[in-house]
Amino acid sequence: EAIVVREGLQHAVEVDSAGTYGGHAGDLPDYRMRAAAAIRGYNLTHRARKFREEDFLRFDKIIVMDDMNYENVSRLAPERTYLSKVYRFVEFCRHHPDRTYVPDPYYEGREGFELVLDMLEDGCEGLLDELKNQA
């Protein structure tokens, strides 16, 4: 969302986040991710929510972090035609060509959170470029 605001596109791009596991609904992101993000100037205040079938109707693109999330989200599609909205985040990464998914940093220590933030910045820039080219 910070990149969208930086580019002045908040009027044209809506950003949301949801997971496929509902056990953390209402929680803030992991404190280690919030700390690592704060160093980069990001204030992570979004509360977790579970992905819903209605999200297919609300959003133009559904972006997932790994294959398990791809499968879980795809199962919720109201019709097969909605699967064309589902993308893997790494499809938008330009500087991490060796990565096939965004890893869960929970067990990786500080370096894991830094890697994920690097990938998120990379992929968000790539996604935003694609959206600007489509407009």
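Note that this is a predicted model, so its numbers are computed, not measured.
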Problem set entry | By side chain to side chain donor-acceptor pair (under 3.5 Å) - contacts of D122 (at least two apart) | H96
Exercise. Does R49 reach the main-chain N or O of A18 with its side chain, forming a donor-acceptor pair under 3.5 Å?
Worked result: no
For this session: Give a yes or no answer on whether the side chain of K85 reaches the backbone of F59 with a donor-acceptor pair at less than 3.5 Å.
Result: yes
Problem set entry | F89 versus G123, closest heavy-atom pair with distance | CZ-CA, 3.5 Å
Exercise. Can you check whether R40 reaches D118 side chain to side chain, under 4.5 Å on heavy atoms?
Worked result: yes
Problem set entry | Criterion side chain to side chain contact (heavy atoms under 4.5 Å, CB included) on T100 and R88, from CA distance to verdict | CA-CA 9 Å; T100 58; R88 287 172 176 81; over 6 Å; no
For this session: Please check if the side chain of N133 supplies one atom and the backbone of D129 the other of a donor-acceptor pair under 3.5 Å.
Result: yes
Problem set entry | Validation row: M119, V90 side chains within 4.5 angstrom (heavy atoms) | yes
Exercise. Does a side-chain heavy-atom distance below 4.5 Å link L9 with K132?
Worked result: yes
Seminar exercise, completed: So the ring-ring contact (aromatic ring centres under 6.0 Å, His included) pairs with at least one residue in residues 16-46 (sequence neighbours excluded) are Y21-H24
Exercise. R32: what forms a side chain to side chain donor-acceptor pair (under 3.5 Å) with it, not counting sequence neighbours?
Worked result: D30
Exercise. Excluding sequence neighbours, so at least two apart, what forms side chain to side chain donor-acceptor pair (under 3.5 Å) with K50?
Worked result: none
Exercise. Can F113 be reached from V102 by stepping across I, L, V, M, F, W or Y side chains whose heavy atoms are under 4.5 Å apart?
Worked result: yes
Seminar exercise, completed: Sorted by chain and number, sequence neighbours left out, side chain to side chain donor-acceptor pair (under 3.5 Å) with E54 holds for R52
Problem set entry | Any Q10 side-chain heavy atom under 4.5 Å of E1 side chain | no
For this session: Quick one: closest heavy-atom pair of E121 and I3, and the distance?
Result: O-CD1, 4.2 Å
Problem set entry | L28 CG to T45 OG1 distance, which is reported to the nearest 0.5 Å | 7.5 Å
Exercise. If every non-hydrogen atom of E108 is compared with every non-hydrogen atom of D104, which pair is closest and at what distance?
Worked result: CG-O, 3.8 Å
For this session: For residues Y70 and S74, report the shortest heavy-atom separation together with the two atoms involved.
Result: O-OG, 2.7 Å
Exercise. Is it the case that more than 12 heavy atoms not belonging to R80 sit under 6.0 Å from its CZ atom?
Worked result: no
Problem set entry | Parallel, tilted or perpendicular: rings of Y87 and F92 (30°, 60°) | tilted
Problem set entry | N72 side chain near R75 side chain, heavy-atom distance below 4.5 Å | yes
Problem set entry | Between CD on residue E79 and CG on residue L83, distance to nearest 0.5 Å | 10.5 Å
Problem set entry | ILVMFWY network linking I62 to V4, side-chain heavy atoms under 4.5 angstrom | no
Exercise. Is it the case that one hydrophobic cluster holds both L57 and V64, taking links as side-chain heavy atoms less than 4.5 Å apart, direct or via other members?
Worked result: yes
Exercise. Under a 4.5 Å side-chain heavy-atom rule over Ile, Leu, Val, Met, Phe, Trp and Tyr, are V86 and L127 clustered together?
Worked result: no
Exercise. For N69 and D66, does a side-chain donor sit closer than 3.5 Å to a side-chain acceptor?
Worked result: yes
Seminar exercise, completed: Between F51 and F56 the two heavy atoms that sit nearest each other are CE2-CE1, 3.6 Å
Exercise. Roughly how far, to the nearest 0.5 Å, is CG of D55 from CG of D16?
Worked result: 7.0 Å
Exercise. Should P103 and L115 count as side-chain neighbours, where that means a heavy-atom distance under 4.5 Å?
Worked result: yes
For this session: Would you indicate whether the side-chain heavy atoms of L76 and Y82 approach each other to under 4.5 Å?
Result: no
Problem set entry | Residues which pass salt bridge (Lys or Arg N to Asp or Glu O under 4.0 Å) with E91, listed by chain and number, not counting sequence neighbours | none
Exercise. V15, L128: one ILVMFWY side-chain cluster at the under-4.5 Å cut-off?
Worked result: yes
Exercise. Below 4.5 Å, heavy atoms only, C-beta onward: do M33 and V116 meet side chain to side chain?
Worked result: yes
